[in-house]
Structure formats: structure tokens, C-alpha cells
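Here the structure comes first, spelled out in C-alpha cells, and everything after it is commentary.
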Amino acid sequence: MADENALKESLAVSCRILGKLNMTKEPSGHVSARAPGGDNVFIKARGRGESGLRFVTARDFIPVDLNGKKLEGPAELDVPQEVYIHTAIYRARPEIQSVIHVHPLTVVLFTICDVPLLPLTGAYDPSALRLITEGVPTYPRSILISNEGLGKDLAGVLGSQRACLMRGHGITAAGSSVQDATLTAIKLNEIAEVNYRARLLGDPRPISDEDIKSFMPTHERMKASGAYVESAWRYYCNLLDEPVISPGSEKPGRG
Ligand SMILES: [Zn+2]
């Protein structure tokens with residue numbers, strides 16, 4: 001139970017960070033994580049009693065099974081229609097512990113205009129470069145992912161990647177922890193912001209293959225150590241004056 005509460009606290013902090021960064025509007029979007037020791041999932045609920053992401057607390061999370069069925073919780077909190085985004089990814093990818101679906105406007109503009117996100121920055125932000133060089137596929141439809149079949153299609157487009165774009169809709173990010181998935185979503189939004197502003201200013205030129213390659217050892221180190229996730233998560237928690245919950249341990253403490 002203590003683990004479950006800590007996990008729900010982590011999920012709530014993730015929602016508040018994404019809300020604070022204006023990565024979604026009103027109550028749109030949801031963050032989920034696998035419940036400890038089982039196949040069930042905690043997901044940010046929708047419904048009459050829902051909170052906007054900026055104001056989410058641990059009470060906003062309800063447990064669902066991998067069919068997307070609500071297991072318990074108050075009547076005013078219900079399963080999001082798009083729970084199938086989450087359940088399909090958890091079914092397809094046992095290593096994934098957390099899934100995020102939000103509607104960040106700048107990213108969505110790129111899907112509307114079919115403009116690719118280019119690797120425009122290197123040392124400015126190696127973690128953003130890593131995400132874009134790994135590849136961010138696009139799910140081509142703009143509908144709600146409101147059944148198992150559509151969830152499967154989306155999970156198929158995501159494949160083994162960490163994030164995908166959804167045309168005229170939003171993004172989905174998947175990670176090894178709530179913190180990992182949250183940072184992937186934030187990075188994707190930042191990549192889109194850089195690309196968008198660069199296109200306003202002129203004709204953006206991707207960095208060279210040689211420079212991209214020079215970051216490969218850095219990317220491997222980042223992947224192996226997890227140190228980046230810890231420090232970046234602490235940064236966003238401190239920015240909001242939120243309690244820091246370390247990735248993996250889910251033990252609350254102050255950063
Ligand atoms: Zn959506």
C-alpha cells in the first residue's frame with residue numbers, strides 16, 4: 001500500500017509538471033503506471049470529479065486492469081476513453097512501466113503540416129538529440145483511441161521507440177519509470193519548440209552527421225546510468241517546489 005501511494009504521488013507530480021509546462025489544456029491528457037507487483041495500472045481518471053493536469057493529486061488515480069476496466073474508485077472518477085493507448089503499450093512492451101498521453105500544441109502543429117522534427121541542436125541538449133536520432137514515428141489518424149484495436153494500431157506505430165506523435169491530436173511517451181516517460185514527453189515538446197522557432201527565424205539546418213555521431217558515447221552513458229533522469233526530474237520537481245520521488249524507488253524525500 002505504501003508503494004502504491006508513493007507511485008500515485010509520483011504520477012500526480014508528473015501531471016502537475018506537464019500542466020505547469022502548458023503541455024496540455026484543461027483536463028486533457030493522462031499519465032499511468034503499472035501498479036506494483038501486478039498487471040494492473042493506475043491511470044489519471046476523467047469524469048465529473050476530474051482535475052486539470054496542473055492540479056492533479058494522488059486522489060485522481062484509479063486502478064484499471066489490462067482490458068481497461070475500472071477496478072475501484074469513486075463514481076465521479078472514470079476510466080479515460082483513451083485508456084487503450086496505455087493498456088495496448090503495457091501489453092506489447094513488458095519493460096514499459098509508465099505511459100503518458102498529452103496534447104502539446106507546438107508538437108501537434110508539426111503533425112498538421114507534415115513538417116518533420118529535425119535534429120537542430122547538439123550540445124545545447126544531448127538528451128533531446130538522443131530522442132530525435134532514435135526516431136519519433138507518427139500515428140497517422142486523428143481519432144480518439146477508444147478501443148482495443150486502435151490501441152494496438154498505436155502501439156504498433158510506436159514500436160520499440162520511446163515516443164510517437166499523433167496526427168492532429170498529441171503525443172504518447174513510454175518509459176521505464178514515471179520520471180523517464182515524463183522527461184521524454186518534455187523533451188519532445190522542447191524539440192518541437194526549437195524547430196518551430198527556428199522555422200520562424202529562417203531555414204533551419206540540421207547539425208552534421210559527424211556531430212550527431214559524436215554524441216553516441218554520451219547517449220550510451222545516459223541510457224546506462226539513469227543519472228540524467230534523476231537530475232532532470234529533481235530540477236522539474238524543485239522548479240515547482242514539489243517533493244522529489246526518486247526514479248525506481250518511489251520513496252518520497254526532499255531534493
Ligand atoms: Zn488524446
Side-chain angles (χ1 to χ4, degrees), residues 11-12 14-34 41-56 60-62 64 66-70 77-93 96 98-115 117 131 136-159 161-175 178 181-193 196:
L11 285 164
S14 167
C15 287
R16 294 199 290 271
I17 291 171
L18 296 167
K20 174 75 175 175
L21 297 177
N22 287 322
M23 286 182 56
T24 201
K25 64 180 174 58
E26 298 174 358
S28 302
H30 14 85
V31 179
S32 73
R34 284 189 200 269
V41 168
F42 286 113
I43 190 163
K44 195 266 175 191
R46 299 294 309 260
R48 216 151 33 91
E50 72 189 3
S51 312
L53 255 64
R54 177 71 189 92
F55 307 103
V56 161
D60 287 282
F61 293 87
I62 54 169
V64 297
L66 284 186
N67 295 315
K69 188 173 161 290
K70 179 180 174 181
L77 290 181
D78 218 336
V79 182
Q81 270 183 284
E82 295 192 301
V83 67
Y84 303 100
I85 293 173
H86 302 255
T87 51
I89 293 171
Y90 291 123
R91 280 173 182 275
R93 308 236 331 241
I96 293 300
S98 179
V99 174
I100 290 175
H101 169 62
V102 280
H103 302 168
L105 177 61
T106 308
V107 190
V108 173
L109 293 175
F110 282 81
T111 68
I112 292 170
C113 298
D114 276 334
V115 174
L117 293 171
L131 181 60
V136 183
T138 302
Y139 175 72
R141 303 188 66 187
S142 305
I143 50 171
L144 284 170
I145 310 296
S146 57
N147 65 49
E148 220 172 290
L150 292 169
K152 246 183 167 170
D153 291 347
L154 177 78
V157 168
L158 177 68
Q161 302 304 100
R162 291 191 285 150
C164 71
L165 312 180
M166 300 159 79
R167 184 179 177 79
H169 181 175
I171 65 164
T172 294
V178 174
T182 307
L183 291 167
T184 296
I186 292 171
K187 285 298 137 185
L188 189 48
N189 190 48
E190 285 180 356
I191 290 165
E193 287 288 345
Y196 180 73

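Nothing here was measured: the structure is a model prediction, and the numbers come from that model. Whatever order the structure lists ligands and atoms in, that order sets their numbers, starting from 1. For the numbers below, each heavy atom of this structure counts, side chains included, while hydrogens, waters and symmetry mates do not.
Note: angle at the Zn ion (ligand 1), from NE2 of H103 to NE2 of H101, is 100° (rounded to 10 degrees).
Checking each of I171, I89, L154, L188 against C164 for a side chain to side chain contact (heavy atoms under 4.5 Å, CB included) leaves exactly one that passes, namely L154. Here the rule is side-chain hydrogen bond (donor to acceptor under 3.5 Å, both in side chains) with H30, and of K44, H86, H101 only H86 fits it.
Distances from the Zn ion (ligand 1) to each N, O or S atom of E82 single out OE1 as the nearest. In H169, the N, O or S atom that comes nearest to the Zn ion (ligand 1) is NE2.
R167 places none of its side-chain heavy atoms less than 4.5 Å from the side chain of R141.
Checked by atom type, the side-chain pair Y90/S32 shows a donor-acceptor distance below 3.5 Å.
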